[in-house]
Amino acid sequence: MIELKQVSKTYQLKNNTLNALDHINLTINDGDILGVVGYSGAGKSTLIRLINKLITPTTGQIIIDGIDILTLNKKALNRMRQQIGMIFQDFNLFDQLTVYQNIKLALDISGQTEYHKQKIIDLLELVGLQDKINAYPKQLSGGQKQRVAIARALSNNPKYLLCDEATYALDLKTTDDILNLLKDIQKKTGITIIFITHQIESIKKLCRDVVVMDEGLIVEQNNVIDLFMNPKHAVTKSLVKQSIHLDDTLTNVYELIYQTNADDASTLSEVIKKYNVDMNILHAQVLDIIDQHIGYLYIKITGKDIAHALTYIKSKGIQVNRYDSI
Ligand SMILES: Nc1ncnc2c1ncn2[C@@H]1O[C@H](COP(=O)(O)OP(=O)(O)OP(=O)(O)O)[C@@H](O)[C@H]1O
Ligand SMILES: [Mg+2]
């Protein structure tokens, strides 16, 4: 388990100070896949880099498996770091080393000198790159490079995997492949994944729990389904809106959000008949969020008994929000 307690990081700039993180409290449970999402400059990278002490906080505690890592000496910190693998946006591979040598280097640094070859073959098999063992990074695609980086990050059998914009440089299909690979690895190994991104699309495919950051603060935290069904903070709403592809501004509109296992289509036709109302659908979208489907409907309602119609819709477990403009 990772716990951040009252963690702040302040940078002293020429004329002022910048609070990159402002009294953050966060608990990350073992086996979780936690997404951290927010716009550029929100403090996401700062947060993740504190966890393996690439950055030292200005104040606060970072407790990993009961130990405050800020109290560790160099040797103990290195041991702790072996529990934490990390992958980055730009892969960070050594161009002059082969795939095999890149992974071997990580094993050498951690003092694992035995069974290299088999271990590396096993890791490459896990990430689906056995046939590239002797290739150099420049002979690999972006997705393949990230697979090598993942294999290398897993070489010490870490308990935690930190991913900082790991799919940023990849196209949509390759992003999906890498997200599926991470999901697979999590299932096989039980590793805890902390996945930082500004792409809400990746969050909904991979993460169980989500933290939304803005200006150095955690502004919202929820499981992924509830976050999408009931976004509260303006940043969360704006990220979810991107996902729904709601480009136009709609005025005087009702937003209906529902899990599609319910009998929704029949609910709406029932309401139309029962309450003598009419519905004009302006936008509709179903999002696949991990293994569930969530529907978003934007409608105008006209007719006699709108209030009772809405009460009935709500009674069927459909969430209703009214917006003057959205
Ligand atoms: N070494 C530094 N010196 C001064 N300011 C810094 C430093 N590192 C980060 N910052 C500032 O801290 C804030 C948070 O930066 P951070 O890199 O954590 O954001 P981020 O959420 O990862 O953004 P992005 O999505 O662009 O990667 C930003 O305003 C940034 O300019
Ligand atoms: Mg960043």
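Order of appearance sets the numbers: ligands from 1, and atoms from 1 within every ligand. Heavy-atom basis, side chains included; hydrogens, waters and symmetry copies ignored.
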Can you tell which part of H198 has a heavy atom less than 4.0 Å from ligand 1: side chain, backbone, both or neither? neither
Would you say S40 has an N, O or S atom lying under 2.8 Å from the Mg ion (ligand 2)? no
Does the protein place any heavy atom closer than 4.0 Å to atom 3 (N) of ligand 1? yes
Parallel, tilted or perpendicular for Y275 and Y312, by the 30°/60° rule? tilted
Keeping the roles fixed (side chain from T192, backbone from G31), state whether a donor-acceptor pair exists under 3.5 Å. yes
Salt-bridge test for D65 and K159: reply yes if a basic N is under 4.0 Å from a carboxylate O, no otherwise. yes
Got a salt bridge between E270 and K273, using NZ or NE/NH1/NH2 to carboxylate O under 4.0 Å? no
Going by an N to O cut-off under 4.0 Å, is there a salt bridge joining D176 and K205? yes
What protein heavy atom sits nearest atom 10 (N) of ligand 1, and how far off is it? Y11 CE1, 3.5 Å
Of all protein heavy atoms, the one nearest atom 25 (O) of ligand 1 is K44 NZ, 2.7 Å
With a 6.0 Å cut-off on the ring centroids, do H198 and Y168 count as close? yes
Between D164 and K44, is there a side-chain N and carboxylate O pair less than 4.0 Å apart? no
Could you identify the single nearest non-hydrogen protein atom to atom 26 (O) of ligand 1 and state the distance to 0.1 Å? S40 OG, 2.5 Å
Quick check on G38 - does any of its heavy atoms sit under 4.0 Å from an atom of ligand 1? no
Counting heavy atoms only, which of G41, S45, A20 is nearest atom 27 (O) of ligand 1? S45
Nearest-contact summary for atom 15 (O) of ligand 1 - protein heavy atom, Å: T46 OG1, 3.7 Å
In the protein, what heavy atom is nearest to atom 30 (C) of ligand 1, and what distance, to one decimal place, separates them? L18 CD2, 4.7 Å
